[in-house]
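Quick notes on the structure that follows.
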Amino acid sequence: MTVMSDAAAPSWTVSAEPPASPVAVALLRAYYTDVADRYYVLHEGRRSTPQEIDEGVAAYPSDALLPPHGLLLVARDGDDEPVGCAGVRLWDARTAELKQVFVRPARRGRGVAGRLLEAAEAAAVRLGAERIRLDTRLDLTEAVALYRRRGYVEIAPYHDDRYAEIFFEKRLVGAGTHAAG
């Protein structure tokens, strides 16, 4: 699956990528570094260590982002440079979960995250989901604002991960018209 950008934005694509590919591994590591650094700066006044990033990557494996129950999407610019990612996986038969939404800091503010969300929501519908959920932290203010702008509404917690502080859900347009698989 590939989604092209509009003419007003830089030319880039969104497509599925195996989570174990070098591109995916690098993006997921950059994601964990970004969110861990923000957490440690806020709570401990320091940046994360490589060992902490290794532990974070190991604690949240990306195997659930494999077909037929999930996938990892990667956004690339016109030079085929990976600029961001978003994962989607089935939580249950009618619910998908959005995971690891990330755009490299130098590429933020250009609509990449919105396009990744659109592609992830479409993938969730193809997997058979009627709604999509996610969790995030309150200090990730840009993410919280993005989800609210995109129609996600706050819900009660649906799991107990220690880093999850706010939970969102969105009903998916076109849900119920595609079979999982």
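- Residues satisfying the side-chain hydrogen bond (donor to acceptor under 3.5 Å, both in side chains) criterion with R104, sequence neighbours excluded, are absent altogether.
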Distance-only donor-acceptor pairs under 3.5 Å for side chains of residues 23-31, two or more places apart:
from, atom 1, to, atom 2, distance (Å)
R29, NH1, D54, OD1, 2.7
R29, NH2, D54, OD1, 2.9

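- Between L117 atom CG and L73 atom CG the span is 10.5 Å, to the nearest 0.5 Å.
- Rounded to the nearest 0.5 angstrom, R89 CZ and L65 CG are separated by 7.0 Å.
- Atom CZ of R94 and atom CG of L172 lie 13.0 Å apart (nearest 0.5 Å).
- Between R133 and E169, at least one side-chain nitrogen of the basic residue sits less than 4.0 Å from a carboxylate oxygen of the acidic one, meeting the salt-bridge criterion.
- When hydrophobic clusters are built by joining Ile, Leu, Val, Met, Phe, Trp and Tyr residues whose side-chain heavy atoms come closer than 4.5 Å, directly or via intermediates, V74 is grouped together with V35.
- Considering only residues two or more places apart in sequence or on other chains, D79 meets the side-chain hydrogen bond (donor to acceptor under 3.5 Å, both in side chains) condition with none of them.
- We find that D77 and R110 are not joined by a salt bridge, their nearest charged nitrogen and carboxylate oxygen being 4.0 Å or further apart.
- Looking at residues two or more places apart in sequence or on another chain, you find no salt bridge (charged side-chain N to carboxylate O under 4.0 Å, His left out) involving R171.
- Residue pairs meeting the salt bridge (charged side-chain N to carboxylate O under 4.0 Å, His left out) criterion with at least one partner in residues 154-167, sequence neighbours excluded, are R148-E154.
- Residues Y147 and I166 form no side-chain contact, since every pair of their non-hydrogen atoms from C-beta on lies 4.5 Å or further apart.
- Partners of E81 by salt bridge (charged side-chain N to carboxylate O under 4.0 Å, His left out), not counting sequence neighbours: none found.
- Shown here are the salt bridge (charged side-chain N to carboxylate O under 4.0 Å, His left out) partners of D80, two or more places apart in sequence or in another chain: R76.
- Applying the side-chain hydrogen bond (donor to acceptor under 3.5 Å, both in side chains) criterion to K99, with sequence neighbours excluded, gives no partner residue.
- Linking Ile, Leu, Val, Met, Phe, Trp and Tyr whenever their side-chain heavy atoms come within less than 4.5 Å leaves L116 and F102 in two separate clusters.
- When the shell of 6.0 Å around CD of Q51 is examined, it contains 12 or fewer heavy atoms from other residues, nucleotides or ligands.
- Atom CG of L72 is separated from atom OG of S15 by 9.5 Å, given to the nearest 0.5 angstrom.
- Proximity of a side-chain donor or acceptor of T49 to a complementary backbone N or O of E52 within less than 3.5 Å is detected.
- Residues V83 and L71 share a hydrophobic cluster, clusters being chains of Ile/Leu/Val/Met/Phe/Trp/Tyr side chains in contact below 4.5 Å.
- Between H69 and L127, every side-chain heavy-atom pair lies at or beyond the 4.5 Å cut-off.
- No continuous path of hydrophobic side-chain contacts links I155 to L90 [ILVMFWY only; heavy atoms under 4.5 Å].
- Contact check for L66 versus P19: side-chain heavy atoms found under the 4.5 Å cut-off.
- In the hydrophobic clustering of ILVMFWY residues, with side-chain heavy atoms under 4.5 Å counting as a link, L134 and V125 come out together.
- Contact between V103 and A113 at its shortest, heavy atoms only, is CG2-N, 3.8 Å.
- No side-chain heavy atom of L146 sits less than 4.5 Å from a side-chain heavy atom of Y152.
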Start with the C-alpha distance between T136 and F168, add both sets of side-chain angles, then the distance that settles side-chain contact (heavy atoms from CB on, under 4.5 Å), and finish with yes or no.
CA-CA 8 Å; T136 192; F168 289 99; 4.3 Å; yes
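- Contact check for D135 versus E97: side-chain heavy atoms found under the 4.5 Å cut-off.
- Applying the ring pair (Phe, Tyr, Trp, His ring centres under 6.0 Å) rule to pairs touching residues 42-63 yields Y39-H43, sequence neighbours excluded.
- Residues meeting the side-chain hydrogen bond (donor to acceptor under 3.5 Å, both in side chains) test with S21, sequence neighbours left out: E17.
- Not counting sequence neighbours, the partners of F167 by the ring pair (Phe, Tyr, Trp, His ring centres under 6.0 Å) test are Y158, H159.
- A donor-acceptor pair under 3.5 Å is absent between the side-chain atoms of R137 and the main chain of Y163, judged by distance alone.
- Applying the side-chain contact (heavy atoms from CB on, under 4.5 Å) test to E142 and every residue at least two apart in sequence or in another chain returns R38.
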